Amino acid sequence: MREHLGVDSRVEPFGDQAFEQSIAAWSLGEVAIGTRRGSAFRASWQNSESTYAFADINIEGYCVRRHEGHPEMLMEPRSICVFPLADKGMIFHPDNTTHMILAFPGSLLSEYCPDWESQAGKPLAADGGPAGMLLDWAVSFQRNAEQLGRSCRSAAGRMLLGLLGSAVGAKEDGGSAESSRLRTYHRQRIRQFIETHLADPELSVAKISQAVGLSPRYLHSLFRDEPLHLMQWVQERRLQRCKLELGSAQGWTIAQIAYAYGFNDAAHFSRLFQKRFGRSPREFREENRGATR
């Protein structure tokens, strides 16, 4: 990015899966457009003297963005975000993704929307209007790019930039709603990871933090206002799964069930179960057997 846009950037894979990606790019006069399809990744860049701006057109998958001077925000599928490259930033795609990038001098967008920087870092839902048209036309362009001549591509670049200016100009401030959506999204990711790793007796805030790419402090803040804090929720899910197994598993001992869901001490599990459900695991199993005869 330094050679073309004056920005130092770093891209690195995320997660355990093999890193794969395909990238295609075209010049549209003063506007450049690119498409990336691939696996989870992070990218970051530092403050710079660049006069360029980016519009990220997210087509498939979720994306978390952080830009200096702006709150962290979530990009859902079919959403668009514009930002100046001079600002330090980071993007994080935790899953497979398809997205497109428009790169252009910020002064060009100012011709269509003079105060676009006031809306930088705020996602635009591309579910209709200019934002929806921009996404659909950008996708259509990349499908037909090889059939277009130079003058047609230059006109297409200006057309896409005009739609972006219209979409940004129509954007209303939804900062608090966006923050709420982002926190909900992170909680969903965390809970999904926990549900699939309840059997791990070493499951901890540190391990969850590393797996989902969020700091331990932020993890705690996400669950601060929930009925159960993070590791309390982990314990609750383990107890609920054990309770379900006690009522249905045939041939498993109580200790085997406890170990299967991350408890490494059967006596400790029994005490927690008694406190949570008002009866011991053995009493619960016997009651359930009697009820199903």
Side-chain angles (χ1 to χ4, degrees), residues 1 5 7 9-25 32-46 52-85 87-104 116 119-127 131-132 134-136 138-139 142 160 164 167-168 171 174-193 209-215 218-219 222:
M1 286 177 68
L5 304 175
V7 175
S9 64
R10 177 181 179 182
V11 178
E12 55 187 12
F14 176 78
D16 298 328
Q17 68 183 102
F19 182 63
E20 298 178 350
Q21 68 175 0
S22 63
I23 298 175
I33 185 171
T35 302
R36 180 198 179 274
R37 295 181 178 87
S39 54
F41 77 101
R42 296 176 189 270
S44 60
W45 58 94
Q46 299 299 316
Y52 270 74
F54 260 16
D56 192 348
I57 305 172
N58 200 43
I59 300 171
E60 296 177 349
Y62 287 83
C63 171
V64 176
R65 285 190 166 277
R66 299 174 191 148
H67 296 282
E68 192 169 62
H70 301 282
E72 183 179 76
M73 65 91 176
L74 171 69
M75 289 187 69
E76 299 178 343
R78 291 189 63 85
S79 63
I80 299 168
C81 179
V82 62
F83 56 94
L85 278 177
D87 294 342
K88 178 181 178 181
M90 185 281 295
I91 57 174
F92 169 40
H93 287 267
D95 303 298
N96 290 345
T97 180
T98 300
H99 65 121
M100 302 181 73
I101 291 287
L102 290 179
F104 46 86
W116 69 268
Q119 298 298 324
K122 299 176 183 178
L124 308 168
D127 51 6
L134 171 60
L135 186 148
D136 292 339
V139 170
Q142 62 93 20
L160 292 171
L164 178 62
V168 172
K171 168 70 177 174
S176 59
E178 170 56 32
S179 175
S180 177
R181 283 196 298 270
L182 178 64
R183 293 173 68 84
T184 298
Y185 167 70
H186 281 319
R187 280 193 291 265
Q188 289 172 343
R189 289 179 54 229
I190 293 164
R191 284 172 172 149
Q192 183 178 16
F193 175 81
S209 170
Q210 182 177 15
V212 300
L214 300 170
S215 71
Y218 188 57
L219 257 65
L222 288 171

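All values derive from a computational prediction rather than experimental measurement.
Judged as a salt bridge (Lys or Arg N to Asp or Glu O under 4.0 Å), and not counting sequence neighbours, R42 has no contacts. Judged as a side-chain hydrogen bond (donor to acceptor under 3.5 Å, both in side chains), and not counting sequence neighbours, the contacts of T97 are H93. Among residues two or more places apart in sequence or in another chain, the side-chain contact (heavy atoms from CB on, under 4.5 Å) test is passed with A43 by V11, F41, I91. For R78, the side-chain contact (heavy atoms from CB on, under 4.5 Å) criterion is met by L135, D136, not counting sequence neighbours. Evaluation of the ring pair (Phe, Tyr, Trp, His ring centres under 6.0 Å) rule for F14 yields F92 as partners, not counting sequence neighbours. For the side-chain contact (heavy atoms from CB on, under 4.5 Å) test, residues two or more places apart in sequence or in another chain that qualify with R187 are R183, T184, R191, L222, F223, E226. R36 is linked by a side-chain hydrogen bond (donor to acceptor under 3.5 Å, both in side chains) to Q21, counting only residues two or more places apart in sequence or in another chain. Remark: N96 pairs with Q17, S39 by the side-chain contact (heavy atoms from CB on, under 4.5 Å) rule, at least two apart or across chains. By the side-chain hydrogen bond (donor to acceptor under 3.5 Å, both in side chains) test, T98 is found to be paired with E60, residues two or more places apart in sequence or in another chain being considered. Residues meeting the side-chain hydrogen bond (donor to acceptor under 3.5 Å, both in side chains) test with D127, sequence neighbours left out: none. In this view, R189 satisfies the salt bridge (Lys or Arg N to Asp or Glu O under 4.0 Å) rule with no residue, not counting sequence neighbours.
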message: Test side chain to side chain contact (heavy atoms under 4.5 Å, CB included) on L134 and L124; report intermediate values, then the result.
response: CA-CA 11 Å; L134 171 60; L124 308 168; over 6 Å; no

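The two atoms that bring F54 and A103 nearest to each other are CE1-CB, 3.3 Å, heavy atoms only. Taking all atoms of both residues into account, the shortest heavy-atom contact from L160 to A138 is CD2-N, 4.0 Å. Between A120 and P84, the shortest heavy-atom distance links the atoms CB-CD, 3.8 Å. Between S209 and L219, the shortest heavy-atom contact is N-CD2, 3.7 Å. The two residues A131 and A125 have their closest heavy-atom pair at CB-O, 3.8 Å. Considering all non-hydrogen atoms of both residues, M73 and C81 come closest at CE-SG, 3.1 Å.
The CD atom of Q142 lies 6.5 Å from the CD1 atom of I59; values are rounded to the nearest 0.5 Å. The structure places CZ of R65 at 12.0 Å from CD of E72, a figure rounded to the nearest 0.5 Å. Rounding to the nearest 0.5 Å places NE2 of H186 at 12.5 Å from OH of Y62. Interatomic distance, I80 CD1 to H99 NE2, rounded to the nearest 0.5 Å: 13.5 Å. Atom CD1 of I23 sits about 11.5 Å away from atom CZ of R37, to the nearest 0.5 Å.
No close placement of the Y52 and W45 rings is indicated, their centers lying 6.0 Å or farther apart.
In this structure a side-chain-to-backbone donor-acceptor pair under 3.5 Å is present from N58 to E76.
Between W116 and F104, the ring-plane angle classifies as perpendicular under the 30° and 60° cut-offs.
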